[in-house]
Number of protein chains: 2
Amino acid sequence: MPRPPSPLLDRPTIARAALAELDARETFTMPGLAKSLGVAVSSLYHHVKGREEVIELVRGSIAESMNSDVDWSGEWRECVAEWVRAYRNAFGAHPALVRVLTRQTVAAPGILASYDNLASALRDAGFVDSDLLHIITVLDTLALGSALDVAAPDDVWSTEGLAADSPLAVAVAAAPRGSERADAAFELGLGLILDGLERRRRPNHEGPSPRAS
Amino acid sequence: MPRPPSPLLDRPTIARAALAELDARETFTMPGLAKSLGVAVSSLYHHVKGREEVIELVRGSIAESMNSDVDWSGEWRECVAEWVRAYRNAFGAHPALVRVLTRQTVAAPGILASYDNLASALRDAGFVDSDLLHIITVLDTLALGSALDVAAPDDVWSTEGLAADSPLAVAVAAAPRGSERADAAFELGLGLILDGLERRRRPNHEGPSPRAS
DNA sequence: ACCTGAACACCGTTCAAGT
DNA sequence: ACCTGAACACCGTTCAAGT
């Protein structure tokens, strides 16, 4: 079936199939992708340059789903918290994707727009320009690290070789398991960071500058 | 050359070669590893069960180098800071390894001992058992996320498509580059988290319990 | 026990050939 | 432009054969 009248493939379709493959099998391959789309492997290369571009496609599609979740009108602390939660949830829902993504540079425009919104909210909150990127990096580290943590096995630390009363074994026994554990740690980290930021904020700042878009 | 009088291979040697390969080429393959050791690929399988076990071997070897760096006698805040820094530096020096490691569970005993020391220091500092694992998870997320950040390209966010006065572009322009940027963000995050922990610590705690080992 | 070479079932990518 | 099948240079793993 060469050159069908209307194309069988397009980039969004490939992105969707790759994400589904990733969710189902923890990884994806070009042959697997082609098979799930009912198409020859070589056909994929008419729409993407290679496997890496497929990954970037998936990153972009996730970004869109996350942008719509954030409401930027409101107190800065709440905006930032919402952004980090949206980020962590969007990627936390696809842990295999996160592991694949950490190998590549951020290029998807949707993601960049999202970071731009965050930078804007922080600036309006009274943080100085020279601190902005460091704050963003810390929040990014938290969100991505926590998204990976969602994917962690139920028992992150194997306490088999430890004495039952060793501090680590006690700590593991006292904490919840699975997603409850990951959620609690994430909220703790987020709270600690936001509290610390609040205390370091330029004190006498009253709100967004008048010419902010 | 079958069955040489003294073995050509052992596990520590394999671990060293794998780390070198990882540092040099961002990834490692079993054929590449065998070649660098001057040995047939199939020989490796007499010492390790497969590629995954090689990775776990490397994790363990890094753990050892990190444990010796921490001095646990001192004020808790300094101990914890030292631990997180040692962690981040040990893995930050081998970014490709970090990306490979996030796919696997923690099993290396050296790493477990290190977490146990951390749990002990936190308990002595007055944190309650039910918070310990969440605190450890937050510190872990910071260290590992920051280690990945060390590996990030010089320009993490491509500002090409953005207006020069967009908040993100301004933030990028105002921040240092490369390892200086990653270091500053790491220290900011660590400071924020430790400050927040200090304020949430059980207030009237005076030091390690007498029967602490 | 420890090394080898050959074999197996995979990968990602390219390319001439079709319409 | 868009799909195909065949080919290429790789992977990780297994296994019978050697000493």
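Order of the sequence lines fixes the chain letters, A, B, ..., with proteins taken first and strands second; residue numbering starts at 1 for each chain.
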Between A:Thr13 and A:Asp10, does any side-chain donor sit less than 3.5 Å from a side-chain acceptor?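 Yes, A:Asp10 and A:Thr13 have a side-chain donor paired with an acceptor closer than 3.5 Å.
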B:Asp71 versus B:Ser73, side-chain donor and acceptor atoms under 3.5 Å: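 There is such a pair between these side chains.
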By salt bridge (Lys or Arg N to Asp or Glu O under 4.0 Å), which residues pair with B:Asp183, not counting sequence neighbours?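 If we apply the salt bridge (Lys or Arg N to Asp or Glu O under 4.0 Å) test to B:Asp183, skipping adjacent residues, the hits are B:Arg88.
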Heavy-atom side-chain contact between [X] and [Y] under 4.5 Å:
X	Y	value
A:Asp140	A:Tyr115	yes
B:Leu118	B:Ile136	yes
A:Val172	A:Leu162	no

Answer yes or no for B:Arg51 and B:Phe28: cation-pi contact, defined as NZ/CZ to six-membered ring centre under 6.0 Å and angle to ring axis within 45°.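 Satisfied, under 6.0 Å and within 45°.
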To the nearest Å, how far apart are [X] [atom1] and [N] [atom2]?
X	N	atom1	atom2	value
B:His46	C:dG5	NE2	C1'	12 Å
B:Leu8	C:dA1	CG	C1'	12 Å
A:Glu53	C:dT13	CD	P	11 Å
A:Ile14	D:dC2	CD1	C1'	12 Å
B:Leu44	C:dC3	CG	P	9 Å

Please list, for nucleotides 9-12 of chain D, all pairs of protein and nucleotide N/O atoms separated by less than 3.5 Å.
| residue | atom | partner | partner atom | Å |
| --- | --- | --- | --- | --- |
| D:dG12 | OP1 | B:Met30 | N | 3.3 |
| D:dG12 | OP2 | B:Met30 | N | 2.7 |

If you check every side-chain atom of A:His47, which of D:dT14, D:dT4, D:dC3 has the closest atom?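 Looking only at side-chain atoms, A:His47 lies closest to D:dC3.
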Quick one: do B:Arg59 and B:Glu56 make a salt bridge, cutoff under 4.0 Å?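 A salt bridge is present here (some side-chain N lies under 4.0 Å from a carboxylate O).
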Short N-O contact, A:Asp195 and B:Arg200, less than 4.0 angstrom: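 Between B:Arg200 and A:Asp195 there is a salt bridge, with a charged N closer than 4.0 Å to a carboxylate O.
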Tell me whether the side-chain N/O atoms of B:Ser43 come closer than 4.0 Å to OP1 or OP2 in C:dT4.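 Yes, B:Ser43 has a side-chain N/O under 4.0 Å of OP1/OP2 on C:dT4.
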Under 4.0 Å between a side-chain N/O of A:Ser42 and OP1 or OP2 of D:dT4, yes or no?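 Result: no.
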List DNA chain C stems (3 or more consecutive Watson-Crick/G-U pairs, under 3.5 Å)?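 The stems are C:4-8 with D:12-16, C:12-16 with D:4-8.
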